[in-house]
Undergrad: 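Take this structure first; my questions come after.
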Amino acid sequence: MAAGAGGYAAYNYDTAYLVAVSVRRSSVMAAATCQVAWDYYRNFPALPPAAGAAAAAAAAAEEEEQRGGDMDPEERARILAARSAVHLRAAERIRRALMRNGGVYIKLGQHISALEHVLPAEWCRTMQALQDQNTPSALADVARVIEADTGQSVGQLFSAFDAEPLGVASLAQVHRAVLRETGEPVAVKVQHPMVRAYSDIDIATVSVLLELVHSVFPDFKFMWLGAEMRSSLPRELDFRSDKANAEQVAWNFAARPDIPLAVPRMIRATERVLVMEHVDGSRCDDLAYLRRHGIDPAQVSRAIGRVFAEMTFVHGFLHCDPHPGNLFVRPRSPGATAHGHNFELVLLDHGLYRRLPSRFRYEYAEMWRALMRGDVQQIQHWSRRLSGTDLYRVFSAILTGRDWSAIEAKSLAGGAPGLDVGALAAQQLDLLRQVADVLASVPPVLLLVLKTNDLLNMVNQRLFADQPPAAQRHAQTRAWLLLSRYCLMTVCDARAAEIRHSAAARSGIAPAVRRACSLLLNRLAFWLHAAALSAYSAALSAEDRVARWGRVLLSRSAIRAV
């Protein structure tokens, strides 16, 4: 029998190798998950029972919340420290397993790292290291992928091909090259050789392990991570989709030359190879690069905000992976562009997009308007419509990245930037269960919108990392003002459509006049609100410029004094 098995393996080497490696990869994740589950079970304070009915779990949660309210401060601090230590150990174990497997698992870790307003800080900080820890494929493997997918060798396609990749991501890496046919410098995105072969078993493994943890701990409801990977990954692994998405977004913004956005021209795509225009530049959060080229980070921040607001509320076609490595900035001559800026935002990696239905965009805009007004009744209404739960406070905190007290006080723009889930857990020990409940209930499209929001918040924080607190607050306020304008526009357009639709069945001069007056008043209300928002934003910008000039004068005075 052993001889027969050995003969079969030798005859079907590729299949046997794939099965063996898949088993090893699954075992690595299974072992790490079991260790983490056991650590949480044994060492996580006030953990709900491992088994029991839903009523028992609810009672345990209620008891935990009550104990959290009147607990001795020293006991509370001890529990929070113990929880933090378990979170940190668990995140580090999972990170090591993800790095060992690579590929799809790195992508999962990067997804987790973006959920700063959803997961404990220990998990997000630990997983953020995976943004830059991707192992490049060997040049020989890259060449084999190119030849297998295009039918031509690297030498036939390119007159030059840099051996050192420009960048390495979880699913692919990018090389600079020169097209032999035209002599044009290009960027060549090549998928790692074995990612596609392992993707199905990797996704299945992640889904099974998440379900296993949920069966042991009923309050763990993060199975949507596996579902999201099953939905998104096949499209990300087909670079023809990447090309189609890039061409769609370029067409969407063709009518907006006032927005400093550049999308690299797509030249050729197969499933695993994408050839595109090469664009020089650097990451949008490279502050030293921005300073060398005289580019204002505040203007970069506003450009990013405008681009993603247009995608969300106008086009309904949203790039869902805007981490700094996918948002480049390149210097431009202001006189040579229609937008008049001295830079352009270059949007890269078009594998992960979502189409946002018009109804969703309207409800999402109404939710944001309610949040900015601090209208609790409307927040409850639109939160229920969007998330499907009554946990409107938790949903609002996840969406805005602000504590509920800032929302309720109608000071959303003035709240401290960032939401510390760990700090909130100090007041409400049951918070993570409620977060899991919300995320398990929201529609899939909203999950990616939330992830996109978190990534954009992270980018914005990095752009102003070396600025004084006042400038950081003003930057966040301007972001809220820009969002308010787009929300107003979306609601205005929806109401105009409703006016036209309700009056369509009525004919005659009087209904036509009433319809025209209603449309005019609707538009006038938008213009008045938009003008007020623009004036406030301009005042903040002027205040920032005065503050910068003041700092420069003080610096020069100090130098002269020395």
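Every heavy atom of this structure was used, including side-chain atoms; hydrogens, water molecules and symmetry mates were not. Positions are given from 1, in the same order as the sequence printed here.
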Undergrad: What do you reckon, is CZ of Arg100 surrounded by more than 12 foreign heavy atoms closer than 6.0 Å?
TA: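 No, because the 6.0 Å sphere around CZ of Arg100 holds 12 heavy atoms or fewer from other groups.
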
Undergrad: Once you round to the nearest 0.5 Å, how far does CZ of Arg361 lie from OG1 of Thr312?
TA: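 With rounding to 0.5 Å, CZ (Arg361) is 9.5 Å from OG1 (Thr312).
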
Undergrad: Looking only at the side chains, is there a donor atom on one of Thr205 and Ser26 sitting less than 3.5 Å from an acceptor on the other?
TA: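 Present: a donor and an acceptor within the cut-off.
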
Undergrad: Rounded to the nearest 0.5 Å, what separates atom CG in Leu446 from atom OG in Ser441?
TA: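 Result: 11.0 Å between the selected atoms.
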
Undergrad: Quick check: do Leu386 and Phe360 have side-chain heavy atoms less than 4.5 Å from each other?
TA: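 Yes - at least one pair of side-chain heavy atoms lies under 4.5 Å apart.
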
Undergrad: Any side-chain heavy-atom pair from Leu171 and Leu233 closer than 4.5 angstrom?
TA: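 Yes - at least one pair of side-chain heavy atoms lies under 4.5 Å apart.
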
Undergrad: Atom CD of Glu366 and atom NE2 of His381: how far apart are they, to the nearest 0.5 Å?
TA: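 So the CD of Glu366 and the NE2 of His381 are separated by 8.0 Å.
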
Undergrad: Counting only N and O atoms by type, is there a donor-acceptor contact under 3.5 Å from the side chain of His293 to the main-chain atoms of Ile295?
TA: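 Checked: no pair found.
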
Undergrad: Using a distance-only test with no angle check, is there a side-chain donor-acceptor pair under 3.5 angstrom linking Ser301 and Arg306?
TA: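 Ser301 vs Arg306: no donor-acceptor pair found between side chains.
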
Undergrad: When you look at Asn326 and Leu347, which way does the side chain to side chain contact (heavy atoms under 4.5 Å, CB included) test go after all the steps?
TA: CA-CA 6 Å; Asn326 288 339; Leu347 192 60; 5.8 Å; no

Undergrad: When you compare the side chains of Arg393 and Ser383, does any donor N or O come within less than 3.5 Å of an acceptor on the partner?
TA: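 Judged by distance alone, the side chains do not pair up.
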
Undergrad: Could you tell me whether the side chain of His319 reaches within less than 4.5 Å of the side chain of Val249, counting heavy atoms only?
TA: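 No; the side chains remain at least 4.5 Å from each other.
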
Undergrad: Can you label the angle between the Phe313 ring and the Tyr364 ring as parallel, tilted or perpendicular, going by 30° and 60°?
TA: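 Rings of Phe313 and Tyr364: parallel, as their planes differ by under 30°.
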
Undergrad: With a 4.5 Å cut-off on side-chain heavy atoms, are Ile304 and Leu463 touching?
TA: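 When only atoms from C-beta onward are counted, Ile304 and Leu463 do touch, with a gap below 4.5 Å.
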
Undergrad: Measure the CG-CG distance between Asp242 and Asp349 for me, rounded to the nearest 0.5 Å.
TA: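 Interatomic distance, Asp242 CG to Asp349 CG, rounded to 0.5 Å: 6.0 Å.
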
Undergrad: With the side chain counted from C-beta on, respond yes when Lys451 and Cys320 share a heavy-atom pair under 4.5 Å apart, and no when they do not.
TA: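 Side-chain contact under 4.5 Å: no.
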
Undergrad: Report the C-alpha separation of Asp454 and Leu450 in whole Å, then their side-chain angles, then the decisive distance to 0.1 Å, and conclude whether the side chain to side chain contact (heavy atoms under 4.5 Å, CB included) test is met.
TA: CA-CA 6 Å; Asp454 277 348; Leu450 293 173; 5.7 Å; no

Undergrad: Could you measure the distance from the CZ atom of Arg330 to the CZ atom of Phe343? Nearest 0.5 Å is fine.
TA: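 Output value for this atom pair is 12.0 Å.
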
Undergrad: Do Tyr392 and Trp404 have ring centres separated by under 6.0 Å?
TA: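 So the answer is yes for these two rings.
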
Undergrad: Is any side-chain heavy atom of Leu348 closer than 4.5 Å to one of Leu327?
TA: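 A side-chain contact under 4.5 Å is absent here.
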
